[in-house]
Amino acid sequence: MNFLDRVLDPPSYGFTRDGKLYVPTQSELWKEFFSRLNIFKSKKNWLPLFSWFSALFFAPFLILFLFHYFSWKLLMIGFIYSMVLLGTHGTVYLHRYGTHHAFTFKNKFWLFIVRQLVIKIIPEEVYIVSHHVHHYLSEKPGDPYNVHGGWLYCFLADVNHQAIARDLNPKEYSRVAALVSHTGVHVNSYKQYQKWGSICHPIRTILHFLLNWAFWGGAFYLLGGWPLVFAIFGWTEIWAIGIRTYNYSGHGGGKDLRKEGDDFDRSNLSINQLWPGMVTGEWHNNHHLYPNGIRAGFLPYQWDYAWLFICFYRSIGGIDTWRDHKDQFYANHYEPYLKQKALERAQVRAAKSI
């Protein structure tokens with residue numbers, strides 16, 4: 001058994017039945033969700049509970065922005081911050097660096113700056129470990145946000161399917177902790193892991209998030225007073241909830257929506273969507289094709305803010321090494337596709353001339 005086959009804690013309904021993906025009912029999904037949020041049942045449920053607390057924390061800001069501080073200017077500022085800045089930061093830090101090691105920072109100072117560059121929402125452990133499994137088992141049983149499980153299966157995945165297993169031995173725990181340690185997270189000892197069921201410690205994690213929120217709240221207040229604070233924190237709520245729907249849509253909602261000449265990875269249903277691509281650089285099919293690269297926007301129209309930020313950060317000395325697969329994409333996929341289409345057109349013309 002591969003290590004990634006057992007690194008996640010399976011839900012009570014299991015990932016499989018008779019060797020096939022088990023698609024739970026909505027009742028089973030909600031029952032599992034609330035069971036895993038129950039801190040009184042087990043203190044090891046603290047991370048799923050905090051994951052949703054950190055998302056819903058911003059809901060009051062959104063409500064007050066809409067009903068008290070609303071203006072079209074602030075709406076646009078909040079919209080850009082959440083859709084472009086938060087999304088791009090997630091692609092740069094959690095996705096390309098945290099999970100796939102597409103680049104390395106010069107030192108811990110440069111890492112610290114990027115780690116705190118926006119309002120924190122998702123604990124590194126929740127995202128990174130499960131995303132390794134997602135790529136290893138994409139759309140197969142055990143994929144924590146398997147599109148074939150349905151929309152709700154994906155939406156509740158951070159609680160129901162993404163927690164690390166609670167029965168890892170010391171060697172296994174060391175391996176799973178290594179998936180996260182490079183991000184600056186202070187890793188629990190094995191004894192602490194046995195107590196808390198997580199790589200990160202609750203006190204350190206909660207304090208880290210509170211300090212980050214206090215810093216950015218103060219910064220936005222100095223820049224624009226309470227209206228700006230409530231606008232940006234409010235729109236953060238929209239991103240925090242919306243991101244939980246992404247993988248379902250990014251894999252076509254379980255349907256084959258891949259387009260010829262655009263989606264070249266045929267091993268899964270991932271697609272290059274215009275909106276996520278243009279605002280965050282998340283051209284998802286390209287990413288599955290070359291997951292450990294600094295860019296996913298390969299074609300001329302595929303704008304990639306995440307790649308632009310990585311280039312900027314390298315230019316000021318923050319990034320040491322990186323991997324870029326654009327040349328391989330053109331040589332292995334796009335140029336052969338163009339040649340094949342040209343050959344097909346020539347054959348059609350030849351047939352018509354006979």
Side-chain angles (χ1 to χ4, degrees), residues 77 80-129 131-132 135 177-187 199-200 204-205 207-220 222-223 232 236 239 243 276-283 286-287 289-300 302-330:
I77 291 173
I80 293 173
Y81 183 85
S82 63
M83 297 300 127
V84 179
L85 298 184
L86 284 179
T88 299
H89 179 266
T91 300
V92 170
Y93 172 63
L94 288 173
H95 207 176
R96 297 185 187 173
Y97 172 74
T99 305
H100 297 293
H101 300 266
F103 60 93
T104 59
F105 290 102
K106 184 76 73 174
N107 52 48
K108 291 182 179 179
F109 168 78
W110 295 102
L111 164 61
F112 175 83
I113 295 298
V114 170
R115 191 182 181 201
Q116 309 301 332
L117 202 54
V118 297
I119 299 169
K120 286 197 72 70
I121 303 169
I122 303 173
E124 286 87 344
E125 174 180 342
V126 173
Y127 183 98
I128 291 171
V129 178
H131 198 65
H132 278 284
H135 275 267
L179 298 177
V180 177
S181 59
H182 63 289
T183 64
V185 171
H186 189 276
V187 173
I199 299 169
C200 56
R204 286 180 176 272
T205 303
L207 183 61
H208 179 199
F209 272 63
L210 291 177
L211 289 174
N212 174 276
W213 295 345
F215 172 83
W216 284 114
F220 295 140
L222 292 175
L223 288 172
I232 292 181
T236 296
W239 189 88
I243 192 62
M278 294 299 290
V279 298
T280 71
E282 186 50 53
W283 302 96
N286 288 350
H287 167 69
L289 199 60
Y290 294 104
N292 64 352
I294 59 167
R295 72 170 113 194
F298 295 134
L299 298 176
Q302 291 175 339
W303 193 252
D304 193 332
Y305 281 120
W307 172 70
L308 290 175
F309 174 82
I310 292 168
C311 290
F312 164 75
Y313 213 60
R314 190 185 193 190
S315 73
I316 62 174
I319 289 176
D320 191 16
T321 63
W322 67 15
R323 288 177 287 196
D324 188 357
H325 300 296
K326 182 177 180 179
D327 290 342
Q328 291 96 314
F329 169 79
Y330 273 89

Taking the six-membered ring for Trp, are the ring centroids of [X] and [Y] within less than 6.0 Å of each other?
X	Y	value
Trp110	Tyr313	yes
His182	Tyr97	yes
Phe329	His325	no
His208	His186	no

With no hydrogens and no angle check, is any side-chain donor or acceptor of [X] less than 3.5 Å from a backbone partner on [Y]?
X	Y	value
His287	Gly293	no
Arg204	Val185	no
Trp239	Val84	no
Asn212	Leu117	no

Step-by-step side-chain contact (heavy atoms from CB on, under 4.5 Å) determination, Asp304 to Phe298 = CA-CA 9 Å; Asp304 193 332; Phe298 295 134; over 6 Å; no
ask   = Is there a side-chain contact (heavy atoms from CB on, under 4.5 Å) between His100 and His131 once you walk through the steps?
value = CA-CA 9 Å; His100 297 293; His131 198 65; 3.4 Å; yes
Are the side chains of [X] and [Y] in touch, meaning some heavy atoms are under 4.5 Å apart?
X	Y	result
Tyr93	Leu111	yes
Tyr290	Arg295	no
Phe309	Val114	yes
Leu308	Phe312	no

Restricting to non-hydrogen atoms, name the atom on [X] and the atom on [Y] that form the minimum distance, rounded to 0.1 Å.
X	Y	answer
Thr88	Val279	OG1-O, 3.2 Å
His135	Pro291	CE1-CB, 3.8 Å
Thr91	Thr280	OG1-O, 3.5 Å
Trp283	Gln302	CZ2-CA, 3.4 Å
Ile199	Glu125	N-OE1, 2.9 Å
Arg115	Thr183	CD-O, 3.5 Å

Could you grab the distance from atom [atom1] of [X] to atom [atom2] of [Y], nearest 0.5 Å is fine?
X	Y	atom1	atom2	value
Phe215	Gln116	CZ	CD	9.0 Å
Arg323	Arg96	CZ	CZ	13.0 Å
Asp320	Thr104	CG	OG1	4.5 Å
Thr321	Lys106	OG1	NZ	9.0 Å
Ile232	Leu223	CD1	CG	8.0 Å
Phe103	Asn292	CZ	CG	12.5 Å

message = As a quick check of understanding, evaluate side-chain contact (heavy atoms from CB on, under 4.5 Å) for Thr236 and Tyr81, giving each step before the final call.
response = CA-CA 8 Å; Thr236 296; Tyr81 183 85; 4.0 Å; yes
task = I would like to know whether Trp216 and Lys120 meet side-chain contact (heavy atoms from CB on, under 4.5 Å); could you show each step before the answer?
result = CA-CA 10 Å; Trp216 284 114; Lys120 286 197 72 70; over 6 Å; no
key: Exceeds 12 heavy-atom contacts within 6.0 angstrom, atom CH2 of Trp213   = yes
task = Go through the structure and list residues passing salt bridge (Lys or Arg N to Asp or Glu O under 4.0 Å) with Lys326, not counting sequence neighbours.
result = none
